[in-house]
Amino acid sequence: MLEDEYQLDFFSENGFVRKQCSKCGSHFWTRDTERATCGDAPCDPYSFIGNPVFKKKFDLAEMREYYLNFFEERSHTRLERYPVIARWRDDIYLTIASIADFQPFVTSGEVPPPANPLTISQPCIRLSDLDAVGRSGRHLTTFEMMAHHAFNKQGDEIYWKDRTMELCDEFLNSLGADPMAVTYKEEPWAGGGNAGPCVEVLIGGLEVGTLVFMNMEQSDDGDIVIKGENYRKMDNYIVDTGYGLERLVWASKGSPTIYDAVFPGIVNEIMDLAGVKHELDDSEYANILSQNARLAGLMDVSEKANLFELRKQVASSIGTTVEKLSSIMEPVESVYAITDHTRCLTFMLADGIIPSNVKAGYLARLVLRRTLRMMKDMGITIPLFEIVKMHVHNLPEYPEFQEKLEVIEDILYHEERKFADTLERGKRMIQKSAKHYKEAGEKIPLDTLIEMYDSHGIPPEISKQAASEVGVDVDLPDNFYSLVADGHSKAEKKVVKEFSYSGRVSKLPMTKKLFYDEPTRMRFEAVVLDIFDNHLVLDSTLFYPEGGGQPADHGTVTVEDVVHNIIDVQVVDGVVVHIIEELEDELHIRKGDMVYGHVDEERRMSHACHHTATHIVNDAARKVLGDHVWQAGAQKFVDKARLDISHYKRISQEELNQIEILANRTVMENQRVTAEWMDRVEAEKKYGFGLYQGGVPPGSTIRVLKVADDIEACGGTHCVSTGLVGPIKMLKTERIQDGVERIEYAAGLAAVKAMQEMESYLTQAADALRVRPEHLPSTIDRFFTEWKEFKKENQRLKDDLAHVHVMQMANEAVSIGDLRLVATMIPNADIDELVKIAGELTTNKNMVVLLASDSAGVKIVGAAGEDALKAGANAGQIVREMSAVVGGGGGGKPAMARGGGTDASKIDEALEAGRSMLEEQINK
RNA sequence: GGGCUUGUAGAUCAGUUGGGAGAUCGUCGCCUUUGCAAGGCGAAGGCCCUGGGUUCGAAUCCCAGCAAGUCCA
């Protein structure tokens, strides 16, 4: 398919031959003319275990430094790592590869790379093979992808395939690898909208690197088909390499598993805590692990069936039973997984991911709860944080982790408690329903288990265990999780709002935005470049188009004394489009006309106040709550603004007060607000990714805005100094997701109005109670207490009253057959009173009571004593009949029923109807 | 972004088709025993999350909101 792409001078000049693998049919390049297989699993098993492929053992820090230094010496610029949470992207949550750092703007050519060529060791997180971690011996959730990248453009090439291969080969040779043992396998690559030829670097059966030559992009009219998608060649072409740091370390040590190579100290500590003997010096034990890893390298062990197959093969190769092997392997695998997962959490939390039930936070919680479950199974009782702390101490190359320890501890403490609560709750729920099914002599149905997991987060294993404690059996199918997934309908509709005039607009020059340079000017002149429907494009404008959470300016444009209202302003590819209230037919605007624009100043200033206030509040929140606070969204209005921030618990009133005070202090310091257009790469270097709190702007230059200590990329309009913001009043906080808090506040005049409004609530409330506002809390408390007391008193009085009525009415009863009937109206009695009277009267077993009252229409209560019921009396039916007479409805049980209606004049008629119905009933 | 679940006494929860607000634990009082644990009897403790709607009548049904839990992308 891409065969020609691999015909490189490098191969021919260095004695490589192209061969086809006798097992998988892939093509590969080797120096070894005898070689028949490609060198990749499963065609070649691991041969490096117990037999390191390099001349020296490396640990993580050593190998990382060796690699980066190697490429630095070969004219690459070393880059600092990017966070594991991909803040600069909105299409992925986690950084999954080194190239992800440079997508989309650098790879597309829109933004120049920070250095070229460059080298980096990028921590990456991939959760796709979660089940295999610990079991396969090679899977990790977190790994560092070491890379060298070169970004080439037509006519400006840094280097391409030959040099890349050369560097790779030289690198491996410098480590002392046997050149004859290295193979380069051809493999087309596609991902993230790009594609290109790719070479896998294999040694000892292990893939240690992938060299991608990205030169295509996805395009419907492209003529190259890869994996079913169409691609076309790009103008720019990129060297995208990835070397697995952990795998290189593993290959250098030849230990049984990658875990023993990467973090042996922590593995051992956790083995001790779990009471697992982990003696790699014991050759028999080491052999089991080695065999396991070797064979696991050949299959996907995340499938249960495959795992069993693996156990079978390993067991037979070392001469033991599957059960015996499983009992040895399972605890070890759990410890490996715990060690790996906690390292993953260390990176996630230190880089600012807040566990949540949505987005990246959910992924953190997923890993966290998985880990806690395994720790519980293994009887490891120390707090999760203790293990994370081990990782932090083990990774001195990441000094930034040290600073985050305190917050991480707090987050983990909260999460552990939360999970414990969930499990506790779940256990009660499952046991309750287990008891129910036990009585019915049934098993707990699958639906219940699915609901337990899907709605309440109780893993089926825990449900099963909890149920068995009550003595109820549970059938747990292997494909449980896919059954859960089936329950989720996959109806997903995405409505992409596309600007319908983008074709027409794209032909126009970018609009000069005057509002940046002259934020206080509101009047301007401009020339009409285009007008269609009610859309107006000018050569320059003072109108701010909607963006960055700031709504569009409103105002007017005047042409030859005719005034038109501007009701919306949007920006499309740098062209500002003004939307006019009237339609084109009625407009007297032509291309080339000179127009006078006037921006609604009050609206603009209010937006500016709220925008600047947002930066101030964001900064204050970070100072009060901690560095983990990150903007998750913001919106400004005329009368208020809101800011969403990541935070792992609710913001308390005291914290909110503190934020308010800090924010207003910043206002009073009256600091200048400055904006500066900066080279994107330079700005990132200087200020870090904190710049992108409000979102990632496109383009190679970005507008860096400084408001006091807050520095962000921002395209909004602002007050020129913090003092002009005026007062900032916090209005409320809201939890919009687990881990995301919304703060609402008003600034400037809007804040004054908000305070006046709140004050009016206070005075109104105080007036109503005839007290001074400061006495409101105690007065309300008193009123509420009294109200409760009166309610109870009222209840008691009704009881007494009912009792009095009962004494009288029992005597008034008339005999109907063997029964006695009381049928009467009690003026003004409410339904509760009637019920009480009726209830008490029917303690006489042969009594039937029919009561009516004229309070709020008509209320009717009927009741029958025990013997009356036996005789056939049915209060429910009688009351239904009676209620119909008074124009309403009613019903209840034979012994007690209620009803009512609207027509009080027919009460006597209803009572008579009830009486005759009773007679009918007992005569049957 | 989508789905599901839940808000009732201090705590944990019941509450059948809409028709007398309940249990257990805890609290308080008395009794028994008095070393404690407990046991017996009794009592207090409810804006049934909030606001609308349907109905003669809503803890229960509908809508909206607030709060919480959870799964998935």
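What you see below is based on every heavy atom in this structure, not just the backbone, and it leaves out hydrogens, waters and symmetry mates. Chain A is the first sequence line, chain B the second, and so forth, proteins listed ahead of strands; every chain is numbered from 1.
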Colleague: Strictly under 4.0 angstrom, non-hydrogen atoms only: write out the protein contact profile of nucleotides 42-56 of chain B, one letter per nucleotide from the 5' end, B, S or -.
Modeller: ---SSB--------B
Colleague: Any side-chain N or O of R365(A) less than 4.0 Å from the OP1 or OP2 oxygen of C71(B)?
Modeller: no
Colleague: Please determine whether a side-chain nitrogen or oxygen atom of R428(A) lies at a distance below 4.0 Å from atom OP1 or OP2 of A11(B).
Modeller: no
Colleague: In whole angstroms, how far is the P atom of G20(B) from the CG atom of D832(A)?
Modeller: 10 Å
Colleague: Can you identify which nucleotide, out of G69(B), C4(B), G3(B), has its nearest atom closest to the K418(A) side chain?
Modeller: G69(B)
Colleague: Quick one: side chains of residues 734-744 of chain A, donor-acceptor pairs under 3.5 Å with protein atoms, not counting sequence neighbours, listed by atom name and distance.
Modeller:
unit_1, atom_1, unit_2, atom_2, d
R735(A), NH1, D738(A), OD1, 2.9
D738(A), OD1, K418(A), NZ, 3.1
D738(A), OD2, R365(A), NH1, 2.8
D738(A), OD2, R365(A), NH2, 2.8
D738(A), OD2, K418(A), NZ, 2.9
E741(A), OE1, R650(A), NE, 3.4
E741(A), OE1, I651(A), N, 3.4
E741(A), OE2, R650(A), NE, 2.8
R742(A), NE, D644(A), OD1, 2.7
R742(A), NH2, D644(A), OD2, 3.0

Colleague: How close or far is atom P of U5(B) from atom NZ of K432(A), stated in whole angstroms?
Modeller: 15 Å
Colleague: Using whole Å, what does the distance between atom P of nucleotide U70(B) and atom CG of L449(A) come to?
Modeller: 18 Å
Colleague: Establish, yes or no, whether a centroid distance under 6.0 Å links the rings of W787(A) and F790(A).
Modeller: no
Colleague: Ignoring hydrogens and angles, does a donor from either the side chain of N357(A) or the base of U70(B) sit under 3.5 Å from an acceptor on the other?
Modeller: yes
Colleague: On RNA chain B, does the nearest nucleotide to K836(A) precede the nearest nucleotide to T733(A) from the 5' side, or the other way round? Give the residue.
Modeller: K836(A)
Colleague: Over all strands shown, is R880(A) touching base, sugar-phosphate only, or nothing at heavy-atom distances under 4.0 angstrom?
Modeller: nothing
Colleague: May I have the distance from D738(A) (atom CG) to G3(B) (atom P), rounded to whole angstrom?
Modeller: 19 Å
Colleague: Should the ring pair H628(A) and H647(A) be called parallel, tilted or perpendicular, given that the plane angle runs from 0 to 90° and is split at 30 and 60?
Modeller: parallel
Colleague: Taking OP1 and OP2 of G3(B), is either one under 4.0 Å from a side-chain nitrogen or oxygen of S455(A)?
Modeller: no
Colleague: Can you measure E741(A) atom CD to A67(B) atom P for me and round it to whole angstrom units?
Modeller: 9 Å
Colleague: Starting from C1' on A67(B), measure out to CD on E734(A) and report it in whole angstrom.
Modeller: 11 Å
Colleague: Round to a whole Å and report the spacing from CE of M882(A) to P of G57(B).
Modeller: 17 Å
Colleague: What does Y93(A) touch in the nucleic acid at a heavy-atom separation under 4.0 angstrom: a base, only the sugar-phosphate, or nothing?
Modeller: base
Colleague: Between A68(B) atom P and R425(A) atom CZ, what is the distance in whole Å?
Modeller: 12 Å
Colleague: Heavy atoms, side chains only, cut-off 4.5 Å: are I659(A) and N657(A) in contact?
Modeller: no
Colleague: With the side chain counted from C-beta on, respond yes when L625(A) and I645(A) share a heavy-atom pair under 4.5 Å apart, and no when they do not.
Modeller: yes
Colleague: Taking the side chain of R369(A) as its heavy atoms from C-beta onward, which of G20(B), A73(B), C71(B) lies nearest to it?
Modeller: C71(B)
Colleague: What does V879(A) touch in the nucleic acid at a heavy-atom separation under 4.0 angstrom: a base, only the sugar-phosphate, or nothing?
Modeller: nothing
Colleague: Tell me every residue that passes salt bridge (Lys or Arg N to Asp or Glu O under 4.0 Å) with R915(A), counting only those two or more places apart in sequence or in another chain.
Modeller: E919(A)
Colleague: So P460(A) and M452(A), do their side chains get closer than 4.5 Å, heavy atoms only?
Modeller: no
Colleague: If we only count heavy atoms from C-beta on, is the L345(A) to T371(A) side-chain gap below 4.5 Å?
Modeller: yes
